[in-house]
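Shown next, in structure tokens, is the structure this report addresses.
Just so it is clear, the values below take in all heavy atoms, side chains as well, and ignore hydrogens, waters and symmetry mates. Sequence lines set the chain letters: A, B, ... in the order given, protein chains first and strands last, and positions in each chain run from 1.
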Amino acid sequence: MPELPDVEQFKKYADSTIMNQQIKDVEFIDKRMIAFSEKAIKKTLKEHQFINSKRIGKFLLLETDDEMHKWLVLHFGMTGELEYFKDKKTPKYARMLIHFKNGYHLSLNDPRLLGKIDLADNPESYQKRKELGVDALDVSEKQFKEILGKKKSRIKPTLMNQHLITGIGNVYADEILFQSKIHPTTNIDALNNKTLGDLYKNMQMVLKTAIKDNADPKKFPDSFLIPNRRTKGKCPNCAGNIKKIKVAGRGTYFCPSCQGNG
DNA sequence: TTTGATGTTGCTAA
DNA sequence: ATTAGCAACATCAA
Ligand SMILES: [Zn+2]
């Protein structure tokens with residue numbers, strides 16, 4: 001799940017659970033997710049607390065009250081999630097456990113270990129260090145057109161390029177292009193100004209709607225592709241068959257009748 | 001049993 | 001310089 005709306009949901013979850021709770025200890029059950037230094041992360045967290053949070057694209061950053069006010073950075077890969085719990089056994093795929101003095105624990109679960117745990121001095125410097133583009137919910141229409149206007153590549157992989165605009169992944173890219181009636185392999189230089197404007201507005205609409213619905217596809221509007229995004233799925237717009245192709249190595253679902261055949 | 005799944009990176013080749 | 005294809009990472013389900 002972890003694309004922009006999912007990570008925003010994790011942010012809401014963190015805000016409502018772990019904020020201002022004193023940390024007793026940190027335990028790494030699998031160290032392969034650590035991007036930099038286990039020792040540094042432990043030192044930053046132990047005997048401190050989280051006091052603020054920020055999402056940049058698919059990254060969740062949690063500010064601590066240590067001397068440097070360093071931020072714990074979490075990336076969720078394809079299968080990462082947060083779980084805050086008290087009286088139950090450790091989740092099966094727990095990779096990092098943060099133990100709080102109130103008896104609760106925050107687990108970072110990630111079966112496939114594709115996520116990352118890192119430290120940042122602050123969100124802005126981290127965004128720069130990782131060469132992330134502007135967040136998909138912060139970009140203006142003018143900026144969006146400028147960024148895409150420099151590209152001739154195919155629209156779907158470009159929307160997913162985290163160095164240009166950050167936050168959109170494989171599933172939401174399909175949804176945004178479906179709402180915009182644009183075929184995923186359309187070259188950007190074939191899109192006119194009005195189409196790019198529609199694409200921008202649909203991007204905002206899709207992401208904001210998903211966040212409002214807690215990134216839960218079951219709650220998404222009937223007009224959305226995502227709940228029908230599978231082989232043998234039906235287009236919510238024309239009831240035609242959803243087609244699956246590969247674009248940039250990723251499974252891509254679209255409606256040939258509404259989005260054209262490329 | 002083989003393939004693909006919400007991601008990213010690095011290499012290779014036009 | 002730009003774009004595209006593929007493999008790699010680890011685990012599960014179809
Ligand atoms: Zn359709």
Given Watson-Crick and G-U pairs under 3.5 Å, DNA chain B in dot-bracket ([ ] crossing, | other strand) is .||||.||||||||
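Distance, Ile188(A) CD1 to dT2(C) P: 13 Å, rounded to whole Å. Atom CG in Asp30(A) sits about 9 Å away from atom P in dA10(C), given to the nearest Å. At whole-Å resolution of the value, CE in Met78(A) and P in dT11(C) are 14 Å apart. The distance from atom CG of Leu114(A) to atom P of dG4(B) is 17 Å, rounded to the nearest whole Å. The separation between Lys156(A) atom NZ and dG5(C) atom P is 13 Å, rounded to whole Å. Counting to the nearest Å, the C1' atom of dG7(B) and the CG atom of Asp174(A) are 15 Å from each other. Atom C1' of nucleotide dA1(C) and atom NZ of Lys150(A) are separated by 14 Å, given to the nearest angstrom. Rounded to whole Å, the distance from CZ on Phe10(A) to P on dG7(B) is 12 Å.
Inspection of the Asn109(A) and Lys92(A) side chains reveals no N or O donor paired with an N or O acceptor under 3.5 Å.
Among the heavy atoms of the strands, none lies under 4.0 Å from Lys116(A). Here Leu113(A) lies in heavy-atom contact (under 4.0 Å) with sugar-phosphate atoms only. Residue Arg229(A) is classed as a sugar-phosphate contact, given heavy-atom separations below 4.0 Å to backbone atoms only. At a threshold of 4.0 angstrom between heavy atoms, the contacts of Phe76(A) with the nucleic acid are absent.
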Could you go through the side chain to side chain contact (heavy atoms under 4.5 Å, CB included) check for His183(A) and Ile245(A) one step at a time?
CA-CA 11 Å; His183(A) 190 283; Ile245(A) 58 175; 4.1 Å; yes
Test Arg95(A) against Ile29(A) for side chain to side chain contact (heavy atoms under 4.5 Å, CB included), laying out the working first.
CA-CA 5 Å; Arg95(A) 308 306 193 185; Ile29(A) 295 170; 5.6 Å; no
Going through the distances and angles, do Thr158(A) and Ser153(A) end up as a side-chain hydrogen bond (donor to acceptor under 3.5 Å, both in side chains)?
CA-CA 7 Å; Thr158(A) 310; Ser153(A) 45; 2.7 Å; yes
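The residue from Tyr126(A), Trp71(A), Phe10(A) that alone fulfils the ring pair (Phe, Tyr, Trp, His ring centres under 6.0 Å) condition with Phe59(A) is Tyr126(A).
In this view, Phe50(A) satisfies the ring pair (Phe, Tyr, Trp, His ring centres under 6.0 Å) rule with no residue, not counting sequence neighbours.
For the pair Lys152(A) and dT2(C), the criterion of a side-chain N or O lying under 4.0 Å from OP1 or OP2 is not met. Residue Arg112(A) has no polar side-chain atom (N or O) positioned under 4.0 Å from OP1 or OP2 of dA8(C). Between Arg32(A) and the phosphate of dC9(C), there is no side-chain N or O to OP1/OP2 separation shorter than 4.0 Å. In this model, the phosphate group of dC12(C) is approached by a side-chain N or O of Tyr93(A) to a distance below 4.0 Å at OP1 or OP2.
Spacing between dG4(B) and dG5(C) at atom P, rounded to whole Å, works out to 16 Å. With C1' as the reference atom, dT3(B) and dC6(C) are 16 Å apart, rounded to whole Å.
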Under 3.5 Å, which N/O atoms of the protein pair with N/O atoms of nucleotides 8-13 of chain B?
from: dT8(B); atom 1: OP1; to: His75(A); atom 2: NE2; distance (Å): 3.1
from: dT8(B); atom 1: OP2; to: Lys58(A); atom 2: NZ; distance (Å): 2.9

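The number of heavy atoms from other shown groups lying within 6.0 Å of OH (Tyr104(A)) does not exceed 12. Under a cut-off of 6.0 angstrom, the local environment of NZ in Lys42(A) is crowded, with over 12 non-hydrogen atoms contributed by other residues, nucleotides or ligands.
Listed nucleotides: dA4(C), dT3(C), dA5(B). Nearest to the side chain of Lys151(A): dT3(C).
Between the OG atom in Ser107(A) and the NZ atom in Lys88(A) there is a gap of 8.0 Å [rounded to 0.5 Å].
Across every non-hydrogen atom of Thr252(A) and Lys156(A), the tightest pair is OG1-NZ, 2.8 Å.
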